[in-house]
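Order of appearance sets the numbers: ligands from 1, and atoms from 1 within every ligand.
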Amino acid sequence: MIKVCKFGGTSMADGTNMRRVADIVAADDSRRYVVVSAPGKRFGGDTKITDLLYETYRNVAESGETGEAFLKVKERFRGITAELGLNYEIEKLLSDTEAEILKEKSEDFTASRGEYLSARLTAALLNVPFIDAREVVKFDEAGRFDGALTDTLLKAALKGKKRAVVSGFYGEDAFGKVKTFSRGGSDISGAIVARAAGASLYENWTDVSGFLACDPRIVPNPEQIRALSYKELRELSYMGANVLHSESIFPVREADIPIRIKNTFRPEDEGTDILPTSKYRYSGRTVTGIAGKKNFTVVFIEKSLMNAEIGFTHKVLSVLLKHEISFEHMPSGIDTMSFVIDSEQLKHGVLEAVCEEIREAVHPDNLRTYDDIALIAVVGHGMSRNVGTSARLFQAIANAGVNVRMIDQGSSELNIIVGVDNENYERTLNAVYDEFFKES
Ligand code: ASP
């Protein structure tokens, strides 16, 4: 059995935390490959190494010098080395890195050095080989991640190595330049290594014990989710639950590898498992989790005999396409159609222009917009098994005195989306949570 462990920024924030990481790895012989982020915040108000490196790059671009920001980076890594009592030539590593930053003059290269340095130190601490992501994680000429090449190179690099530390967040493009993933991208790196290693589990170590069934800032002490499927993760994370983003784990999803979210600061907690459909078992819970977001706008279009008018939807969608607007949902009826759109995209006159163009394109009988709408996604495979789920959901919302503005049930029966006024968001979340999680 092989486990790949990814440790996030808080787990790497200082020497004490890195010792915890070493203890966690040592506690289980199957934890063979480790992927690390750059040191993150040690306390509220602290600055992440990656942010200091972006600042370093700006300094280099403006003045040709790494400046104050890189002094802080050096101080952090010196501190970590001293705290860990590592016998390591840190000064040379730091000055070589600084020279390369000045030579490369690249934002991605500079930003990637946090992971590079933290992986070097972690490898020294664990006394295992270091694998530079640059050698094994590749992007193609168009800048897209090259999964096939990466898999081949990584497999070759891991072969014969019982253990290794791989730097997260970056790789190399087809022109030999370092390129990073988007922010938080070490989650992707961990998933890539898990796939190449043929891992039976991808452990993602962070500073919380997994997913909660609802946002704890809104619902007091929500239950922890023990297990959810990839599909449920997708629904919950795009609606705001952000421990781990569903897009970032595509390599393990494709390879059917389960993920376990674990807490570096409470390793004894069970965490949350994210399972491929083939390994998912019904938990007995009707609803797995509830997530939501505020600030959506609904564009509502009505026209009699809309259903018979060929190309109606096409014309409306062309307007959205022209303005490069993506929509979240499209609840529709026989003579009505509506689009739920993140209000952010409709600012500065865009909404007015879109409405005008829809009017011209399809001459609706009625076109209205509603803003300040919050969406709440009630997610769970269990909903399709249990009769009366939506009755319970809407009764609970009605009992809370909240008016439902919109309903959309995904065709998968995996989620029901409810739109309410922004001002009722918190009340609705609490009512729905109480209904489904305080049931027994
Ligand atoms: N260090 C990078 C960031 O802050 C990547 C990561 O931690 O996943 O975004």
Side-chain angles (χ1 to χ4, degrees), residues 4-14 17-18 20-21 24 33-58 69-70 72-77 80 94 97 101 106-123 130-134 136-137 139 143 145 150 165-173 178-195 202-208 210 233 237 241-252 259-265 274:
V4 167
C5 311
K6 179 257 169 177
F7 291 91
T10 325
S11 309
M12 307 302 297
D14 58 22
N17 294 0
M18 282 177 68
R20 292 179 203 274
V21 168
I24 288 167
Y33 304 115
V34 173
V35 176
V36 294
S37 284
K41 293 184 185 185
R42 294 159 292 183
F43 43 81
D46 196 16
T47 314
K48 291 181 179 186
I49 288 288
T50 309
D51 288 313
L52 289 172
L53 288 167
Y54 280 115
E55 200 180 318
T56 302
Y57 171 71
R58 287 194 293 274
F70 199 70
K72 289 187 191 155
V73 171
K74 289 197 280 196
E75 266 320 297
R76 288 282 296 275
F77 282 107
I80 290 172
L94 292 171
T97 302
I101 287 175
S106 139
E107 183 170 43
D108 281 19
F109 179 83
T110 309
S112 74
R113 295 302 89 186
E115 272 71 12
Y116 172 78
L117 294 169
S118 88
R120 294 293 298 252
L121 293 184
T122 309
F130 160 71
I131 297 177
D132 191 345
R134 186 171 190 171
V136 286
V137 175
F139 297 87
F145 169 61
T150 298
V165 173
V166 187
S167 40
F169 190 39
Y170 68 94
E172 188 184 73
D173 69 14
V178 163
K179 179 172 164 60
T180 61
F181 290 107
S182 55
R183 293 300 303 265
S186 297
D187 286 335
I188 310 179
S189 312
I192 292 168
V193 174
R195 176 168 68 181
Y202 170 28
E203 286 185 335
N204 193 300
W205 290 83
T206 176
D207 52 6
V208 292
L233 170 72
S237 69
N242 53 15
V243 176
L244 179 71
H245 275 278
S246 53
E247 303 93 77
S248 67
I249 40 108
F250 63 91
V252 284
I259 305 168
R260 181 167 294 161
I261 310 285
K262 292 280 286 177
N263 187 345
T264 302
F265 305 92
I274 303 159

* Applying the salt bridge (Lys or Arg N to Asp or Glu O under 4.0 Å) test to Asp51, which of Arg76, Lys72, Arg58, Arg183 qualifies? ->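 For Asp51, the salt bridge (Lys or Arg N to Asp or Glu O under 4.0 Å) test succeeds with only one of Arg76, Lys72, Arg58, Arg183, which is Arg183.
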* Heavy-atom distance under 4.5 Å between the side chains of Phe181 and Phe139, does that happen here? ->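 Phe181 vs Phe139: side chains touch.
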* Flag side-chain contact, heavy atom, 4.5 Å: Ser37 against Lys6 ->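 SC-SC contact between Ser37 and Lys6 confirmed.
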Nearest protein heavy atom to [atom], by residue and atom, and its distance?
| atom | value |
| --- | --- |
| atom 2 (C) of ligand 1 | Glu115 OE2, 3.4 Å |
| atom 6 (C) of ligand 1 | Ser186 OG, 3.4 Å |
| atom 7 (O) of ligand 1 | Ser37 OG, 3.0 Å |
| atom 3 (C) of ligand 1 | Arg183 NE, 3.3 Å |

* Residue from Ile261, Asp187, Asn263, Leu244 passing side chain to side chain contact (heavy atoms under 4.5 Å, CB included) with Thr206 ->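 Only one option passes, and that is Ile261.
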* **Any Gly168 heavy atom less than 4.0 Å from ligand 1** =>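 Checking ligand 1 against Gly168, which is what was asked, there is no heavy-atom contact under 4.0 Å.
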* CZ of Phe169 to OG of Ser182: how many Å apart, nearest 0.5 Å? ->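 Result: 8.0 Å between the selected atoms.
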* Asked: Of all the atoms in ligand 1, which lie at a distance below 4.0 Å from a heavy atom belonging to Gly184?
  ->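 The list of qualifying atoms is 3 (C), 5 (C), 6 (C), 8 (O), 9 (O).
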* In terms of ring plane angle, is the pair Phe130 and Tyr116 parallel, tilted or perpendicular, where the classes change at 30° and 60°? ->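 Answer is perpendicular, since the angle exceeds 60°.
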* Asked: Can an N or O of Gly9 be found at a distance shorter than 3.5 Å from an N or O of ligand 1?
  ->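 Such a contact does not occur with ligand 1.
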